[in-house]
Participant: 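Take a look at the following structure, please.
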Amino acid sequence: MKTFALVDCNNFYVSCERLFRPELQNRPVVVLSNNDGCIIARSNEAKALGFAMGSPYFKNLALLRRHKVSVFSSNYALYGDLSSRVMSLLLHQENEVEIYSIDEAFLALPASPNWDVTAYARDLCKKIKQWVGIPVSIGLAPTKTLAKIASTIAKKQPAQQGVCRLHDQQKIDNTLAQTPASAIWGIGRRSTKKLQQHGIHTALQLKEADQDWIRKTLTITGLRTVIELGGMPCLDMEKAPPPRKSIVSSRSFRRPITTHQHLKEAIATYTAIAAVKLRHQKLRCGAIHVFLTTNRFQKEKGFYANSQTITLASPSGDTPRLTHYALQGLQAIFKKGYRYSKAGIMLLNLSKEGHRQLHLFRGEKKERRELMVAMDKINQQWGRHTLQVAASGLNKSWSMSQEYKSPAYTTNWQELPHTGGGK
DNA sequence: TCTGGGGTCCTAGGACCC
DNA sequence: TCTGGGGTCCTAGGACCC
């Protein structure tokens, strides 16, 4: 039987920021979500000071200052680039690899009695640290769900040298007895509550729970988790990523928006961003979903959220055309008198580009497709908004704030780090 | 004043068909 | 007074993940 390994980058966003600011080693650091909204990554020192995942930035302001915590806005160009360096190193190890998220990958390691899989994993940790500079932890176990648990143990116990293997039954059960049910992959807040009401608090109790009851209460997904806790793999490696089903682009605004004009600019801008992704993946979309909302935390000021889906007569990847429909959708749901905090669009019914359509309407005209190719090239070279549809607006006063963003050290020539010598 | 963004999967229930 | 059964498809909403 093969061994699943979960390779998990430690405090990934923080580690990325530290790579170019080595003086921040051993110092508390946090990274904020888009629009500088919440804390979404914390160094161990920041965790120890009590800063919680997902906690709003403005509520932590005073405490962050008092403890002299370094604060960064999120810099996805940097994180994405470092992620792909880690992943390509893994892909070169000749194992089966599944890239699970920006900072995690599963490996399937062959079982062989004369092979020390733990030593191999330790070696891999070292290699990644040396070659990319990002610290990782690795969990080894007979199922993905157990490997997840193993990796969190590896992270918490420095004595493990970055690796934890859950192998023999006794060790697995001891570990599960000390793991709260809420810490299991796939068990969220709602399920935790249901389990608690049923007297199930630990992973071991969950593993031994009545499977019919689990199936009824937590659906087939919960049952899979339980079986995986028992050491029987239910979730296999996903070698090729399945084709996208939707592409979303949405942002919170710097300040609430009240005018139709500003919302139009935002929706046109988000549509353009999503359309670039669409074309990049050689896809077209058959429907576009537009949504907007006022602040959901301030319902006393009058809450309003709405959305509309528009189906296209034929699939498209053409920014002006998609923008046209998106704005039509916006028109239908916009109501005057509200303070909008966020809006976005979603591209749906995605299909492969160039699929010959057996339909009265042929796809986009050739010239239009060429125009989009040219536009993407120019924007890639000169920056995202060099060429855009007029509706997107020029000054974008509504766009999100990112006050503490680090430079795009690795992906932008203008922002390469320089050494010494001042500016 | 200020609370992220981008995804997937599952289920229940309604519409519709014969 | 009595109002089938079985199937598919679609959608909205819930739940979860990082």
Side-chain angles (χ1 to χ4, degrees), chain A residues 6 8-9 11-13 30-41 52-62 64 71-76 79-80 83 98-106 144-145 148 151-152 181-195 215-225 234-235 238 241-256 270 273-274 277-278 281 287 289 291 293-299 301 303 305-309 311 339 341-350 399-405:
Chain A
L6 178 69
D8 192 350
C9 300
N11 315 328
F12 183 56
Y13 297 171
V30 300
V31 177
L32 306 179
S33 63
N34 270 329
N35 214 32
D36 294 340
C38 305
I39 295 173
I40 52 164
M53 179 72 173
S55 177
Y57 172 53
F58 74 91
K59 286 189 182 170
N60 291 278
L61 212 62
L64 286 164
V71 176
F72 290 91
S73 303
S74 35
N75 182 346
Y76 289 103
Y79 312 150
S83 169
E98 174 190 334
I99 297 173
Y100 175 67
S101 74
I102 194 165
D103 66 339
E104 282 169 82
F106 285 104
K144 282 180 162 183
T145 304
K148 274 274 203 182
S151 85
T152 61
S182 60
I184 301 166
W185 186 39
I187 303 297
R189 258 210 335 265
R190 306 304 282 260
S191 304
T192 300
K193 206 169 170 194
K194 284 182 200 162
L195 291 173
R215 172 74 182 77
K216 243 182 272 156
T217 317
L218 302 186
T219 79
I220 185 74
T221 330
L223 181 56
R224 279 194 204 114
T225 300
C234 277
L235 307 166
E238 285 184 15
R244 283 254 160 283
K245 294 184 175 168
S246 63
I247 295 174
V248 175
S249 176
S250 75
R251 300 281 185 279
S252 295
F253 307 125
R254 181 185 303 259
R255 290 180 292 274
Y270 304 154
I273 291 169
K277 283 190 197 166
L278 185 76
Q281 297 175 37
H289 182 80
F291 57 92
T293 177
T294 61
N295 192 328
R296 68 184 199 278
F297 296 99
Q298 296 175 4
K299 298 204 171 164
K301 285 189 184 175
F303 179 72
N306 204 349
S307 68
Q308 172 139 107
T309 306
T311 306
R339 293 159 54 80
S341 63
K342 177 178 171 177
I345 66 106
M346 197 184 299
L347 305 180
L348 301 164
N349 298 0
L350 307 186
S399 68
M400 66 183 181
S401 48
Q402 289 188 299
E403 265 186 71
Y404 317 100
K405 200 171 143 200

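In the text below, chain A, chain B and the rest are named by the order of the sequence lines, each starting its count at 1. Just the heavy atoms: all of them, side chains too, but no hydrogens, waters or symmetry mates, feed the values below.
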Participant: When all nucleic acid strands are considered with a 4.0 Å heavy-atom cut-off, which category describes A/Ser249: base, sugar-phosphate, or nothing?
Facilitator: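 Result for A/Ser249 = sugar-phosphate.
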Participant: Among all residues two or more places apart in sequence or in another chain, which pass the ring pair (Phe, Tyr, Trp, His ring centres under 6.0 Å) test with A/Tyr79?
Facilitator: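 Ring pair (Phe, Tyr, Trp, His ring centres under 6.0 Å) list for A/Tyr79, sorted by chain: A/Tyr13, A/Tyr76.
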Participant: Could you pull out all residues at least two apart from A/Thr309 that satisfy side-chain hydrogen bond (donor to acceptor under 3.5 Å, both in side chains)?
Facilitator: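 Partners of A/Thr309 by the side-chain hydrogen bond (donor to acceptor under 3.5 Å, both in side chains) criterion, ordered by chain and then number, come out as A/His289.
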Participant: Looking for any heavy atom pair under 4.0 Å, which part of the strands does A/Ile247 touch: base, sugar-phosphate only, or nothing?
Facilitator: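 Answer is sugar-phosphate: A/Ile247 comes under 4.0 Å of backbone atoms only.
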Participant: Tell me the side-chain hydrogen bond (donor to acceptor under 3.5 Å, both in side chains) pairs involving residues 52-62 of chain A, sequence neighbours left out?
Facilitator: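 As it turns out, the side-chain hydrogen bond (donor to acceptor under 3.5 Å, both in side chains) pairs with a partner in residues 52-62 of chain A, which skip direct neighbours, are A/Ser55-A/Asn60, A/Tyr57-A/Tyr404.
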Participant: Base, sugar-phosphate, or nothing: which does A/Ser55 touch, judged by heavy atoms less than 4.0 Å apart?
Facilitator: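 Answer is nothing: A/Ser55 stays at 4.0 Å or more from every strand.
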Participant: Mind checking A/Leu32 for me? I need base, sugar-phosphate or nothing, with any heavy atom below 4.0 Å counting as a touch.
Facilitator: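 The answer is nothing, as A/Leu32 stays clear of every strand by at least 4.0 Å.
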Participant: Applying ring pair (Phe, Tyr, Trp, His ring centres under 6.0 Å), can you list everything that pairs with A/Phe12, at least two apart in sequence or on another chain?
Facilitator: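 Result, ring pair (Phe, Tyr, Trp, His ring centres under 6.0 Å) vs A/Phe12: none returned.
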Participant: Using whole Å, report how far CZ of A/Arg215 lies from C1' of B/dT11.
Facilitator: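 Going from CZ in A/Arg215 over to C1' in B/dT11 covers 10 Å.
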Participant: Between A/Trp185 and A/Phe106, how do the two ring planes meet: parallel, tilted or perpendicular, split at 30° and 60°?
Facilitator: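 Rings of A/Trp185 and A/Phe106: tilted, 30 to 60°.
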Participant: Provide, to the nearest angstrom, the distance between the CD atom belonging to A/Glu98 and the P atom belonging to B/dT8.
Facilitator: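 Taking CD of A/Glu98 and P of B/dT8, I get 14 Å after rounding.
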Participant: Using the salt bridge (charged side-chain N to carboxylate O under 4.0 Å, His left out) criterion, which residues pair with A/Asp8? Sequence neighbours excluded.
Facilitator: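 With sequence neighbours excluded, A/Asp8 shows a salt bridge (charged side-chain N to carboxylate O under 4.0 Å, His left out) to A/Lys155, given in chain and number order.
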Participant: Is there a side-chain polar atom (N or O) of A/Arg244 under 4.0 Å from OP1 or OP2 of B/dT8?
Facilitator: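 Looking at the OP1 and OP2 atoms of B/dT8, one of them is under 4.0 Å from a side-chain N or O of A/Arg244.
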Participant: Who are the side-chain hydrogen bond (donor to acceptor under 3.5 Å, both in side chains) partners of A/Thr221, not counting sequence neighbours?
Facilitator: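 Checked A/Thr221 against side-chain hydrogen bond (donor to acceptor under 3.5 Å, both in side chains); matches are A/Thr219.
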Participant: What string of B, S and - do you get for nucleotides 13-18 of chain C, 5' to 3', when a contact is any protein heavy atom under 4.0 Å?
Facilitator: --SSSS
Participant: Once Watson-Crick and G-U wobble pairs under 3.5 Å are found, how is DNA chain C written in dot-bracket notation, 5' to 3', with | for any base paired to another strand?
Facilitator: ....||||||||||||||
Participant: Going by side-chain hydrogen bond (donor to acceptor under 3.5 Å, both in side chains), name the residues that satisfy it together with A/Ser252, two or more places apart in sequence or in a different chain.
Facilitator: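 Here no residue qualifies.
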Participant: Looking at every non-hydrogen atom in both residues, tell me the closest pair between A/Glu238 and A/Pro242 and how far apart they are.
Facilitator: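 Of all heavy-atom pairs spanning A/Glu238 and A/Pro242, the closest is OE1-CD, 3.9 Å.
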Participant: For nucleotides 1-3 of chain B, list the nitrogen or oxygen atoms of the protein found under 3.5 Å from its nitrogen or oxygen atoms, one pair per line.
Facilitator:
{"unit_1": "B/dC2", "atom_1": "OP2", "unit_2": "A/Gln298", "atom_2": "NE2", "d": "2.6"}

Participant: Please identify each residue that fulfils salt bridge (charged side-chain N to carboxylate O under 4.0 Å, His left out) with A/Lys342, with sequence neighbours left out.
Facilitator: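 Result, salt bridge (charged side-chain N to carboxylate O under 4.0 Å, His left out) vs A/Lys342: none returned.
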Participant: On the nucleotide B/dG6, are OP1 or OP2 found under 4.0 Å from the side-chain N or O atoms that A/Lys245 carries?
Facilitator: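 Answer no for this pair, as no side-chain N or O of A/Lys245 is under 4.0 Å from OP1 or OP2.
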Participant: Using the P atom in both, what is the distance from B/dT3 to C/dC18, to the nearest Å?
Facilitator: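 It works out to 24 Å between them.
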Participant: Checking A/Asn75 now: which residues fulfil side-chain hydrogen bond (donor to acceptor under 3.5 Å, both in side chains) with it, not counting sequence neighbours?
Facilitator: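 For A/Asn75, the residues satisfying side-chain hydrogen bond (donor to acceptor under 3.5 Å, both in side chains) (neighbours in sequence not counted) are A/Ser406.
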Participant: Using whole Å, report how far CG of A/Asn349 lies from C1' of C/dC9.
Facilitator: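 Interatomic distance, CG of A/Asn349 to C1' of C/dC9: 14 Å.
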